[in-house]
Novice: 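Take a look at the following structure, please.
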Amino acid sequence: MTLQPVLVRRGLGLLILSVHSQSVAEAAGLQVGDVLIGVSGQLFSQANDLSNYLNQSDSKSIALQVLRGGQQYIFYAVLSDKKTAVEAT
């Protein structure tokens, strides 16, 4: 998944620029153009911070707070033993 920081009405978010095929992000239902505004109650303004959080997390599932088309949604992702790659632009 490739992310870019963006300013949204509620503060900062991470714009999803790409979703890799057969990834945790794709399985969770994330789409290009979504804005990730939180993960399990944590806020992130930089992709590196999100990546560090995911790599250090012991959780097997996470809640992804996303803006899509002006509406807020929550998607759930199950993390595998191999953490999902998050890239910054």
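Bear in mind the structure is a predicted one, so any value in this text is a computation, not a measurement.
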Novice: If we only count heavy atoms from C-beta on, is the Gln65 to Ile37 side-chain gap below 4.5 Å?
Specialist: yes
Novice: Tell me if a side-chain donor or acceptor on Ser51 pairs with a main-chain N or O of Asn48 at a distance below 3.5 Å.
Specialist: no
Novice: Quick one: side-chain contact (heavy atoms from CB on, under 4.5 Å) partners of Ser61, sequence neighbours excluded?
Specialist: none
Novice: Applying ring pair (Phe, Tyr, Trp, His ring centres under 6.0 Å), which residue pairs with at least one partner in residues 59-78 are found, sequence neighbours left out?
Specialist: none
Novice: If a pair satisfies salt bridge (charged side-chain N to carboxylate O under 4.0 Å, His left out) and one of its residues is in residues 12-28, list it, with sequence neighbours excluded.
Specialist: none
Novice: Quick check: is Leu43 connected to Leu54 through a chain of hydrophobic side chains (ILVMFWY, heavy atoms under 4.5 Å apart)?
Specialist: no
Novice: Pairs in or reaching into residues 33-51: which pass salt bridge (charged side-chain N to carboxylate O under 4.0 Å, His left out), with residues at least two apart or in two chains?
Specialist: Asp34-Arg68
Novice: Is there a side-chain contact between Val66 and Gln72 (heavy atoms, below 4.5 Å)?
Specialist: no
Novice: Linking Ile, Leu, Val, Met, Phe, Trp and Tyr through side-chain heavy atoms less than 4.5 Å apart, which residues share a cluster with Val78?
Specialist: none
Novice: Can you sort out the partners of Tyr53 under side-chain contact (heavy atoms from CB on, under 4.5 Å), two or more places apart, ordered by chain and number?
Specialist: Val39, Ser40, Gln42, Phe44
Novice: Out of curiosity, does Val35 fall in the hydrophobic cluster containing Leu17 (side-chain heavy atoms, cut-off under 4.5 Å, transitive links)?
Specialist: yes
Novice: Does the side chain of Leu64 reach to within under 4.5 Å of the side chain of Ile74, using non-hydrogen atoms?
Specialist: no
